[in-house]
*Asks:* 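Would you mind keeping the following structure in view while I ask a few things?
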Protein chains: 2
Amino acid sequence: MTRSPKADGKGRKLSNFLCFAVYSANLAFGRAYKPILDAVGLTYTQYIAMVALAEADDLTVSALGEKLFLESNTLTPILKKLEQSGYISRARDPADERQVRVSLTKPGRRLLEKDLGGLLVEACGLGDEFPVVQKSVVRLRDNLLRNTKDKQDGT
Amino acid sequence: MTRSPKADGKGRKLSNFLCFAVYSANLAFGRAYKPILDAVGLTYTQYIAMVALAEADDLTVSALGEKLFLESNTLTPILKKLEQSGYISRARDPADERQVRVSLTKPGRRLLEKDLGGLLVEACGLGDEFPVVQKSVVRLRDNLLRNTKDKQDGT
DNA sequence: TCCGATTAAATCGGACCCGATTTAATAATT
DNA sequence: AATTATTAAATCGGGTCCGATTTAATCGGA
């Protein structure tokens, strides 16, 4: 045990922190995407939301939030902006007026066909490791979320 | 070639996006740290800034920003809060009044000795892979930043 | 049926992140 | 030495993130 950055007395350096690696890699992705997304008037989060919608359309805000690990407090303003931009549509579900259904519009779908994300695969510089790293980070995320869910009920 | 998420026609799913893996893992880290950091009145970014200062004290805002991949526009308000909390000190450098020197205080140093980050290593659930993933993500970040730096000068 | 839960979005305030600008101090040029 | 250029922080506005609350619609038990 004790695989902590410090482990044996010393070494508690920023460069050993996995959380910082992820934090700074996320900043780096945002900066790498910026020039590409600026050209089409999207932010990073807005783009990710659209990719999520490309898989499964006509989602409620909650359902979309589950895919994105976000809630309505964060999502609502983002979706409103995407609606203003004309890339998505928002409408109350007639069967349950509490819910708002979100879908890509034609222009939104057209934009995604350009595969803006693919432009950056090379910039990651991971070569064949790309899918390996991707899966490791997903596993990390899922472990963190699972081990964080208020575990005060030891079922 | 073509190691893009789409690659062979289809598969452009959110779950294949490395950027989304990193984005959501970063959210997960923030949530995992929250209860731990709430207890000492720090935010995630404030904590990371303190870890950076633990390695090399008496840094200027720019120098600290280089370690954190942030600039004064983001850092200044964070440092002001850390100063108010009593964990760091800020002072103009007498030799060059343009610069502000930042250092950990005694209470700040004491707080870091608790190794709050170490509490989460287990929650990552990566076992022996921990340092491997850590290094991969760092490499990813560095590649992205290098390949993004306005490369319009093909030296 | 009616009224108290429950549920889904939206709203609000505080804290990052960033591009762009401003302020103040130092360096460089003439 | 005085003016200009450069540099370091700070400021500002827009766009996330998030905990907490509010609003509105639906559900459920008496």
Side-chain angles (χ1 to χ4, degrees), chain A residues 19-20 22-35 37-38 41-50 59-66 68-85 90-102 145 148 150, chain B residues 19-20 22-35 37-38 41-50 59-66 68-85 90-102 145 148 150:
Chain A
C19 67
F20 179 67
V22 170
Y23 167 85
S24 52
N26 186 50
L27 293 182
F29 259 123
R31 291 165 197 179
Y33 266 110
K34 183 117 214 312
L37 293 178
D38 273 354
L42 286 180
T43 67
Y44 186 47
T45 312
Q46 286 167 15
Y47 172 66
I48 286 177
M50 288 183 63
L59 290 176
T60 64
V61 173
S62 310
L64 179 58
E66 257 178 61
L68 297 172
F69 303 96
L70 294 174
E71 289 168 34
S72 67
N73 51 4
T74 301
L75 226 34
T76 296
I78 292 168
L79 296 176
K80 282 187 174 176
K81 267 163 214 131
L82 281 174
E83 185 183 38
Q84 287 177 344
S85 307
R90 288 164 71 245
R92 291 277 166 188
D93 186 335
D96 185 343
E97 294 273 348
R98 288 173 303 182
Q99 301 182 334
V100 167
R101 300 251 164 216
V102 185
L145 291 177
T148 299
D150 22 0
Chain B
C19 68
F20 179 66
V22 170
Y23 166 85
S24 52
N26 186 49
L27 293 182
F29 259 123
R31 291 165 196 179
Y33 266 109
K34 183 120 215 311
L37 293 178
D38 273 355
L42 285 180
T43 67
Y44 187 46
T45 311
Q46 286 168 13
Y47 172 65
I48 286 177
M50 287 183 63
L59 292 176
T60 64
V61 173
S62 309
L64 179 58
E66 257 179 62
L68 296 172
F69 304 96
L70 295 174
E71 288 167 33
S72 69
N73 52 3
T74 302
L75 226 34
T76 295
I78 293 168
L79 296 176
K80 282 187 175 177
K81 270 165 213 129
L82 281 174
E83 184 183 39
Q84 287 177 343
S85 306
R90 289 165 68 246
R92 291 278 166 187
D93 186 335
D96 185 344
E97 294 273 348
R98 288 174 302 182
Q99 301 182 335
V100 168
R101 300 248 165 218
V102 186
L145 291 177
T148 299
D150 20 3

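Proteins come first, then strands; the chains are lettered A, B, ... in the order of their sequence lines, and each starts at number 1.
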*Asks:* With a 3.5 Å distance limit and no angle check, can you tell me whether A/Arg90 reaches the backbone of A/Arg101 through a side-chain donor-acceptor pair?
*Replies:* no
*Asks:* Report the nucleotide, chosen from D/dC12, D/dT16, C/dA9, that has the shortest atom-to-atom distance to any side-chain atom of A/Lys81.
*Replies:* D/dT16
*Asks:* So if I take every side-chain heavy atom of A/Arg98 and compare against C/dT6, C/dA9, C/dA27, which nucleotide ends up nearest?
*Replies:* C/dT6
*Asks:* For the pair made of CE in B/Met50 and C1' in C/dC16, what is the distance, rounded to whole Å?
*Replies:* 18 Å
*Asks:* Which is more 5' along DNA chain C, the nucleotide nearest A/Arg31 or the one nearest A/Asp96? Just name the residue.
*Replies:* A/Asp96
*Asks:* What pair of heavy atoms forms the shortest contact from B/Thr148 to A/Arg31, and how long is it?
*Replies:* CG2-O, 3.8 Å
*Asks:* Could you state the CZ-P distance from A/Arg101 to C/dA10, rounded to the nearest angstrom?
*Replies:* 13 Å
*Asks:* Would you mind reading off the distance between A/Leu79 atom CG and C/dT11 atom C1', rounded to a whole angstrom?
*Replies:* 15 Å
*Asks:* Could you state the atom-to-atom distance from NZ of A/Lys34 to P of C/dG19 in whole Å?
*Replies:* 6 Å
*Asks:* Looking at every strand, decide which applies to A/Arg90 at a 4.0 Å heavy-atom threshold: base, sugar-phosphate, or nothing.
*Replies:* sugar-phosphate
*Asks:* State whether A/Lys80 places a side-chain N or O below 4.0 Å from either non-bridging phosphate oxygen (OP1 or OP2) of D/dT16.
*Replies:* no
*Asks:* Select one nucleotide: of C/dA10, D/dC17, D/dT26, the one nearest the side-chain heavy atoms of A/Leu70.
*Replies:* D/dC17
*Asks:* Is A/Thr60 close enough to C/dA9 that one of its side-chain N or O atoms is under 4.0 Å from OP1 or OP2 there?
*Replies:* yes
*Asks:* Report which part of the nucleic acid B/Thr45 touches: base, sugar-phosphate, or nothing (heavy-atom distance under 4.0 Å, all strands).
*Replies:* sugar-phosphate
*Asks:* Nearest of D/dA9, C/dG19, C/dA8 to any side-chain atom of B/Asn73?
*Replies:* C/dG19
*Asks:* Round to a whole Å and report the spacing from CD of B/Glu97 to P of C/dT23.
*Replies:* 19 Å
*Asks:* Within the structure provided, determine whether A/Leu79 and A/Leu64 are in side-chain contact (heavy-atom separation under 4.5 Å).
*Replies:* yes
*Asks:* Taking the side chain as every heavy atom from C-beta outward, state whether A/Leu42 and A/Tyr33 have any pair of such atoms under 4.5 Å apart.
*Replies:* no
*Asks:* Between D/dC17 and A/Thr74, is there an OP1 or OP2 to side-chain N/O distance shorter than 4.0 Å?
*Replies:* no
*Asks:* Looking only at the side chain of B/Gln46 (C-beta and beyond, no hydrogens), which of the listed nucleotides D/dT7, C/dC18, C/dA15 gets closest?
*Replies:* C/dA15
*Asks:* Mind calculating the distance between CG (A/Asp38) and C1' (C/dG19) to the nearest angstrom?
*Replies:* 10 Å
*Asks:* Within this structure, what is the CD-to-C1' distance between A/Glu66 and C/dA8, rounded to whole angstrom?
*Replies:* 13 Å
*Asks:* Taking the minimum atom-to-atom distance to the side chain of A/Arg92, which one of C/dA9, D/dA25, D/dG19 wins?
*Replies:* C/dA9
*Asks:* Does any donor-acceptor pair link the side chain of A/Ser72 with the base of C/dA10 at a separation under 3.5 Å?
*Replies:* yes
*Asks:* Roughly, in whole Å, what's the span from CD in B/Gln84 to C1' in C/dA15?
*Replies:* 13 Å
*Asks:* So which one's nearest nucleotide on DNA chain C is more toward 5', A/Ser62 or A/Leu27?
*Replies:* A/Ser62
*Asks:* Can you identify which nucleotide, out of D/dA8, C/dA9, C/dC17, has its nearest atom closest to the A/Tyr23 side chain?
*Replies:* C/dC17
*Asks:* Would you say B/Ile48 and B/Leu68 make side-chain contact, with heavy atoms under 4.5 Å?
*Replies:* yes
*Asks:* Suppose we define a pair by two distances each less than 3.5 Å, Watson-Crick or G-U wobble; what does D/dA30 pair with here?
*Replies:* C/dT1
*Asks:* Should A/Ile78 and A/Thr43 count as side-chain neighbours, where that means a heavy-atom distance under 4.5 Å?
*Replies:* no
